[in-house]
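Notes follow the structure.
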Amino acid sequence: MSETIETLLTETRQFKPSAEFTSTANASSEDIYAQAEADPEGWWASWAEKLDWYKKWDTVLEWNRPFAKWFIGGKLNACYNCVDRHVSAGMGDKIALIGDGEPGDIRNFTYSQVKDRVSQISNGLKAMGIGKGDIVCLYMPMGPELAMTMLACARIGAPHSVIFGGFTAESIADRANDCGAKAIVTSDGTWRRGKIVELKKIVDQAMELGCHTVKNVLVFERVGAPGTETNGQAAPDYNQGTWVEGRDERAADVVDTASTDCPCEEMDAEDLLFILYTSGSTGKPKGIMHTTGGYLTGVSATSKLVFDFKDTDVFWCTADCGWITGHSYVVYGPMSNCVTQVMYEGAPDTPGKDRFWKIIEQHGVSVLYTAPTAIRTFMKWGEEYPNGCDLSSLRLLGSVGEPINPEAWMWYHKVIGNEKCPIVDTWWQTETGGIMITPLPGIVSTKPGSATRPFPGVGATIYSEEGVDLGANSDGKEAGGLLVLKRPWPSMLRGIWGDEDRYRDVYWSKFDDAYFAGDGAKRDADGFFWLLGRVDDIMLVSGHNISTMEVESALVDHPAVAEAAVIGKQHEVKGQAIAAFVIVKAGYEATDELRKEIRMHVGQKIGPVARPDDLIFTADVPKTRSGKIMRRLLRDIAEGRVLGDTTTLADPNVVASLQTEHDKEGQ
Ligand code: WTA
């Protein structure tokens, strides 16, 4: 790759926070940036002080690159900080979790009820022989029990490893074996698009494949006692056939009957809180490790300032707890701030395409945190769905997971936010634990498509391929290159489970003095960051480094385009040529005329070099289960190769139909 990434797309719209928002914002003064920059350790320590510690730390940070220890000598418990201390402070009757099931069943838990239930789950786990340091895998529906089981693990010092409930038996076995899990917690099933997915059965298959260290499987009942009917479907009889006496335990037996009294284990700040596997684009999943004190400090601080939590807020983060977003911004961040929040079990189009907006209306959601892939899907479905619901309770919107294209940002701003809600576009990773680049909504003016500025205390900047800091040189000029973090932060990963070398190689070997995030980014003349996607996805077209994200944004900017995925395919002359897979909005027809028009549009928007050679209309693009476009598979299709690993695809049918479309339409 040549030295820097060229950035072609320009976006000049800017939105200032309203005086009204700023006047009540948790962060309202620019000074905090300077304060944190002058003394990052002091800044983070001031946030750690807001947590409850059994024993205060002796040293804030010990940094032996690439290994950091934060709040050394400190003792605390994450569950205590997310639950018990709120009950002790008189907030026990406040609703913590609103569990909204896909079939429409609603279950609320106050902080007191969470404390009792979590204690019972902890006692149930203890009765199964789980104690401090034992790893527990969770394979559960998105709902209150999942959050409470995570907290129950934290309460007794047993690190959890949550496996997303859409993964296969092989993925469960791989992960359980990699971390040496002692137990798996699951449920009979979950609801997805009106159907029951039998989770316990999938765990049984994983056990058959061989989870060598797992002694017990704990089963919650979610879809109901065997035979009970919901919407015409009978709950499966998970008690029969594959039930293994002595291995399998029903929550009804070991949790419901357990005492509601369970003391919190005093954990060292650097004790492991959880492992979360992230697959990345290639290779075997990495077990990312997060510890207790630093992680909780990071997610608690970022939640408070980025989501601006107030006592009256109803927060809804739409991510599943199987991802880092659900760990940091459903469980540990919001709950350490005593927030009321919604957890939704199912699909966004069940029973109708307005399900999300109905949830917001019904529960009075005030802060919504979702992903660009969801926003683009809603754009494709049409405005009539949100317009038919009362969204006036919303006051702040968030985005995470991918770069948000300016047009999707504008749609979110206008149609969902009614032009009155600030948007926080938050850049971070499983590895960073918490939000790293984001606007603070009462302070920072936003620009559609930009994640704006590093969170106070975060040392984000842009390096050239050779390791020159382009951000620091910013003399009012733009800089495009590789995103790095120049100093340690409390919620940073502590390594990859069982693979120290890989930890060094992946994140710390490219540059001597910074963490390499793997993303391309530019910094504009105001110092704002624009994320350009994974470096592996950046194209080299006739000697120009062009970001797939910018071309996708130009495509989505055309009124007929709902979603686009762009890749560079091998080209004899240009090196790489741009191929675009395009989904049109409802009401538009995919004609040759339109294809021409869209290609021209990209050329006009960002220049002829970025005009796609191929433009393939498609009904869908392959995505991972967390909604990220799998460009590697698109490259396989475009270059006529046999498809690589497709196991992490959300919907395997998509690639088959894409291949047909490509062969038909590709030029
Ligand atoms: C991408 C999700 C642009 C990025 C929290 C990162 C983003 C990867 C953004 C991490 C954003 C996440 N703008 N890109 N606001 N948020 N990403 O580990 O490529 O699932 O490296 O963590 O998602 O994905 P992960």
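Just the heavy atoms: all of them, side chains too, but no hydrogens, waters or symmetry mates, feed the values below. Predicted model only: the values in this text are computed from it and were never measured. Note that ligands are numbered from 1 as they come in the structure, with each ligand's atoms numbered from 1 the same way.
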(message) If the cut-off is 4.0 Å to any non-hydrogen atom of T325, which atoms of ligand 1 fall inside it?
(response) 5 (C)
(message) Between W316 and Y369, do the side chains contain a donor N or O and an acceptor N or O under 3.5 Å apart?
(response) no
(message) I need the nearest protein heavy-atom contact for atom 4 (C) of ligand 1: residue, atom name and distance, please.
(response) D519 OD2, 2.9 Å
(request) Check whether more than 12 heavy atoms from other residues, nucleotides or ligands sit under 6.0 Å from atom NZ of K420, and answer yes or no. (result) yes
(request) Report the nearest protein non-hydrogen atom to atom 11 (C) of ligand 1: residue, atom name, distance rounded to 0.1 Å. (result) E402 O, 3.4 Å
(request) Identify the protein heavy atom lying closest to atom 1 (C) of ligand 1, giving its residue, its atom name and the separation to 0.1 Å. (result) G401 O, 3.3 Å
(request) May I ask you to identify, for T426, whether its side chain, its backbone, both or neither come under 4.0 Å of ligand 1 on a heavy-atom basis? (result) backbone
(message) If we check side chain to side chain contact (heavy atoms under 4.5 Å, CB included) with I567, which of these qualifies: Q576, M539, R631, R632?
(response) R631
(message) Nearest 0.5 Å, please: how far is NE2 in H160 from CG in L272?
(response) 9.5 Å
(request) Look only at interatomic distance and state if I324 has a nitrogen or oxygen under 3.5 Å from any nitrogen or oxygen of ligand 1. (result) no
(request) Using the six-membered ring wherever Trp is involved, compare the ring planes of W43 and W47 and label them parallel, tilted or perpendicular (cut-offs 30° and 60°). (result) perpendicular
(message) Looking only at distances, can you tell me whether any N or O atom of R534, backbone or side chain, sits closer than 3.5 Å to an N or O atom of ligand 1?
(response) yes
(message) Please determine whether a side-chain nitrogen of the Lys or Arg among K605 and E407 lies less than 4.0 Å from a carboxylate oxygen of the Asp or Glu.
(response) no
(request) Apply salt bridge (Lys or Arg N to Asp or Glu O under 4.0 Å) to the pair R494 and E431, showing each step before the final yes or no. (result) CA-CA 9 Å; R494 297 301 193 262; E431 293 86 343; over 6 Å; no
(request) Could you find the nearest protein heavy atom to atom 10 (C) of ligand 1 and give me its residue, atom name and distance? (result) W428 O, 3.6 Å
(request) Report the nearest protein non-hydrogen atom to atom 24 (O) of ligand 1: residue, atom name, distance rounded to 0.1 Å. (result) K628 NZ, 3.2 Å
(message) Out of all atoms in ligand 1, which are within 4.0 Å of some heavy atom of T430? Include the element for each.
(response) 18 (O), 20 (O), 22 (O), 25 (P)
(request) Answer yes when E11 and K447 have at least one side-chain N-carboxylate O distance shorter than 4.0 Å, and no when they do not. (result) no
(message) Is the contact between I404 and ligand 1 made by the side chain, the backbone, both, or neither, using heavy atoms and a 4.0 Å cut-off?
(response) neither
(message) Heavy-atom pairs closer than 4.0 Å: do any link ligand 1 to the side chain of L531, the backbone, both, or neither?
(response) side chain
(request) Under 4.0 Å from a heavy atom of V400: give me the atoms of ligand 1 that qualify, with their elements. (result) 5 (C), 16 (N)
(message) Is there a polar contact between ligand 1 and D425, counting only N or O atoms under 3.5 Å apart?
(response) yes
(request) For W489 and T432, work out which heavy atoms get closest and say how close. (result) NE1-O, 3.0 Å
(message) Below 30° counts as parallel, above 60° as perpendicular, anything between as tilted: where do the rings of F274 and Y332 land?
(response) parallel
(message) Suppose we measure from atom 3 (C) of ligand 1 to each protein heavy atom; which comes out shortest, and what is that distance?
(response) P403 N, 3.0 Å
